[in-house]
Asks: 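One structure, as C-alpha cells, below. Some questions next.
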2 protein chains.
Amino acid sequence: MANIDEIAKLAGVSVSTVSRVLNHHPYVSESKRAAVQRVIDEMDYTPNRSAVDLIRKETRSIGVILPFNNNQAFDQLLHGVLSRSVELDYSVMVLPTRYDAEKELKYLNMLKNKRLDGIIITSRSNTWDAIVPYTKYGTIVTCELTDRPEIGCAYVDRYASYVDTFQLLKDKGHSLVAFTIARGEESNSTQLTIKAYQQVFGDIPEEYLVRDCYSMDDGLRAAQELLHLKVRPTAVYANGDEVAAGIYQYARSLQLRIPEDLALIGQENQPVGMGLHLSTVDHQLAKVGEKAFDLVIKNSRGKVEIPYHILVRQSIND
Amino acid sequence: MANIDEIAKLAGVSVSTVSRVLNHHPYVSESKRAAVQRVIDEMDYTPNRSAVDLIRKETRSIGVILPFNNNQAFDQLLHGVLSRSVELDYSVMVLPTRYDAEKELKYLNMLKNKRLDGIIITSRSNTWDAIVPYTKYGTIVTCELTDRPEIGCAYVDRYASYVDTFQLLKDKGHSLVAFTIARGEESNSTQLTIKAYQQVFGDIPEEYLVRDCYSMDDGLRAAQELLHLKVRPTAVYANGDEVAAGIYQYARSLQLRIPEDLALIGQENQPVGMGLHLSTVDHQLAKVGEKAFDLVIKNSRGKVEIPYHILVRQSIND
DNA sequence: ATGAAAGCGCTAACAC
DNA sequence: GTGTTAGCGCTTTCAT
C-alpha cells in the first residue's frame, strides 16, 4: 500500500496538504484538495491506523471486560455498548476473563500500552485497589456502584431492586420464598441478593438457596431440588428469566399451578419469559451498557443510576 | 509514560539492547538484561502498542463480523472464536453490521488500514465479488462454504444437515412438516432450508413456513399460527432450540402430546432444549468459531468442514 | 554482545 | 494557503 509521501508526490503537493485533506482541515484550496483526492482514489489509499494512533495518542477503541460472552446478562450489556459504539464510530474489543484476576489485569494493561482508550468492567475479579491505578492510563467505567472517585459507574441499584422484589413477594403473602443465584458468594449481585433476602425475611433456610444457575436447564434442576422439599416454597425469585422458565416448566410437569401453587419472578425481561407470562425485574442491562459507553468516551467519572422496573405478569398472584 | 529511550538512558545501554530484552532476544549479557529489567520494573514501563504494530506491520487482533451480537447462534460462534483467542493471546473486535452492506465494507477496510490482521465473516451482506478484493490486505475466513480460493472456510454442510433432518422426519412417517426460519429468503441458511424441504417433500405449503423466528417468544407465535390450521402439521423443524421450546410450550398448553401429536426438532443444542428433551441438530457453532479462528491466524485459505450431529431425544417419535 | 542510525507512516507546529 | 521539519515510540539492519 502506498503511503502519504507517495500520494503527496503524485499529487504534486506536500504531505501536510495531503494530511489536511485527509482530516478535512480548512485552508486547503479547492484545486489542490481535488487533485489530492483524485490521487487518493486512484491509488486506493487508506491511512495507516497504527501510525495515526501513535501520533494522536488515542485509538477510538474501547474494551469490555466480562467473565463470559455466552451469558444472557453480559450479552445484553455488550449489546448496549455495541449499539452506541456503532453510532459513534468506535471499535470495541471483547475481553473475556473467566473470572481470572490475572487476565483481568492484563486487559487493563491495554490502557497503559495505549491500545485502548477506555475499558468497561461489567464484572470484576480484582479489588478496586488493584484496578484504580490503571485509571492513570485511560478511562475505566464499571457497571456497579463504587464510591471510588476515579471510576465512572453506570449501574442499577441492585440492593434496592432485590429488596423491592422480596418485599413484593412478602406483601403478596409469601413467607416461604426461595431464590437462585449464579456464582457463589464472591459475586457482587449474589451478595446483595442474600443481604436483601435477610433484610426482608431474616435467616435463609439453606435449602431455599440454589447456586450455579445460568440457563433454563439449571432452572429445571433448581425446581427439582426445591419442589420436592418437605416444606415447599410458595414463591421463587430466579436470577434470570431463563432460569425462571425452567422452574416454570418443571412446576407445570408436576401439575402445579402458577401462580396459585407457586409464584415466580425472574430477571432481565428476556423474550423467553414473555410468552410464559413470567413476572420479571428488568434491570435494563442494554441501557446500562449504552450509558457505560457514553461515560467511557466522555472520559467521565460520573455515577449514573439506571432505574429498574418490576414487571408483574401472571406468574405472581394478586 | 516513559519511552524506550528513557529506559535505555537510565539503564546505561542503547535502545537496541532494551528492545532486545523486551523481545527476549538472545545475545544479551545477563548483567545488562538484569539492569534493563530493573529499570523497566522501576519505571513501570510498557511498550507502546501502536508503535510496535506500526513497525511490525501486524496487530495480533482480528475482527468478527456478525449481524447482531444478541443472538444465540452468533453468540456461540463468537464464543468459539474467543476461546481460542484467549489461549493464543489475540484480541478480537466485534463488528456488528445489522446486515448493512456499507458498514460491512467499512469493517473490511480495517484490514487495509492495518488495524486488523484478519476478519471472520459469520454472515455477510455483500457479494463475494465485493469482499474478495480485501483479501489482498489480510486474511478473510468465512463460516459458510464458498469456492472462492482466496477465502478460508470453517463451515457445516447445512444443506446435507437440513436434508437429513427432513428425511428423518419423513422416515418417521411425517408428511405434514412445517418449519421456521429467521430472516427472509435472502439468508443463506434460509435458502438452503427451503431447498432441502423441497428436495424431500416437494412444494412448500405457504402456511407451513413461519418467518422471523429468533426467540422462544417467536416460537409461541409460530405455534399459534401452525397449530390452529385446518390441516395441522404433525412435525415442526424449528430454526433454533429456543424457538422449538416456544412451540413446545404452546403445544402443551393446547394439551397436545409431544411427540405423539406433534414431533419437534430444533437446532444448536442449547441448554433450553435439554431439560425439555427436545431433539436438535447440533451444528457445533462454537467449534466452527474455533476453527475459523485457527484458519485466520494461520493465514489459511483452507476449507474445513465441521460435522453436524442430529440428537434424537424424546420430542421425536420412534 | 552492543550501539548508531535508518526508517515505519503519520500529524502538527512553525515558517513563509 | 502551503511546505519544511521535527517528532510519535519502536524494531532492525549493519557495523564494530
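Computed from a predicted structure; not experimentally measured. Lettering follows sequence order; numbering is per chain, from 1.
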Asks: Got a sec, which residues hit side-chain hydrogen bond (donor to acceptor under 3.5 Å, both in side chains) with D75(B), two or more places apart in sequence or on another chain?
Replies: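 Partners of D75(B) under the side-chain hydrogen bond (donor to acceptor under 3.5 Å, both in side chains) test: none.
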Asks: Test your reading of the model: is there a side-chain donor-acceptor pair from N23(A) to the backbone of S19(A), 3.5 Å cut-off?
Replies: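 Present.
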Asks: Output all residues satisfying salt bridge (charged side-chain N to carboxylate O under 4.0 Å, His left out) with D41(A), sequence neighbours left out; order by chain, then residue number.
Replies: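 With neighbours one apart ignored, the set is empty.
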Asks: If the threshold is 4.0 Å, N to carboxylate O, is there a salt bridge linking R148(A) and D129(A)?
Replies: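 The answer is yes: the pair qualifies as a salt bridge.
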Asks: First and last nucleotide of DNA chain D touching chain A, 5' to 3', heavy-atom cut-off 4.0 Å?
Replies: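 Contact boundaries, 5' end first: dG1(D) to dG9(D).
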Asks: Suppose the criterion is salt bridge (Lys or Arg N to Asp or Glu O under 4.0 Å): which pairs have a residue in residues 288-304 of chain A, not counting sequence neighbours?
Replies: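 Sorted pair list: R84(A)-D294(A).
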Asks: Before giving the answer on side chain to side chain contact (heavy atoms under 4.5 Å, CB included), spell out for I120(A) and I62(A) the whole-Å C-alpha distance, their side-chain angles and the decisive distance to 0.1 Å.
Replies: CA-CA 8 Å; I120(A) 295 170; I62(A) 64 150; 3.9 Å; yes
Asks: Enumerate the side-chain hydrogen bond (donor to acceptor under 3.5 Å, both in side chains) contacts for residues 94-103 of chain B, please, sequence neighbours excluded, ordered by first and then second residue.
Replies: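 Listed once each, the pairs are Y99(B)-R183(B).
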Asks: Salt bridge (charged side-chain N to carboxylate O under 4.0 Å, His left out) with R49(A): which residues, sequence neighbours excluded?
Replies: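 Only D53(A) meet the salt bridge (charged side-chain N to carboxylate O under 4.0 Å, His left out) criterion with R49(A).
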Asks: Check ring-ring contact (aromatic ring centres under 6.0 Å, His included) between Y90(B) and all other residues, then give those that pass, not counting sequence neighbours.
Replies: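 Testing Y90(B) for ring-ring contact (aromatic ring centres under 6.0 Å, His included), a comparison that skips the adjacent residues, returns F293(B).
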Asks: Between R124(A) and E144(A), is there a salt bridge with N-O shorter than 4.0 Å?
Replies: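 Salt bridge present between E144(A) and R124(A).
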Asks: Using the salt bridge (charged side-chain N to carboxylate O under 4.0 Å, His left out) criterion, which residues pair with K287(A)? Sequence neighbours excluded.
Replies: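 Partners of K287(A) by the salt bridge (charged side-chain N to carboxylate O under 4.0 Å, His left out) criterion come out as none, since no residue qualifies.
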Asks: For residues 35-44 of chain A, which residues have at least one heavy atom under 4.0 Å from DNA chain C?
Replies: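 Residues of residues 35-44 of chain A that come under 4.0 Å of DNA chain C do not exist, since none gets that close.
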Asks: For Y107(A), which residues count as a ring-ring contact (aromatic ring centres under 6.0 Å, His included) partner, sequence neighbours excluded?
Replies: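 By the ring-ring contact (aromatic ring centres under 6.0 Å, His included) rule, Y107(A) matches no residue at all.
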Asks: So for the helix from dA1(C)-dT16(D) to dC16(C)-dG1(D), with five pairs setting each end axis, what is the inter-axis angle to 10°?
Replies: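 Answer rounded to 10°: the end axes differ by 40°.
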Asks: Where along nucleotides 8-16 of chain C does protein come under 4.0 Å, by heavy atom, of base (B) or sugar-phosphate alone (S), with - for untouched nucleotides?
Replies: BBBBBB---
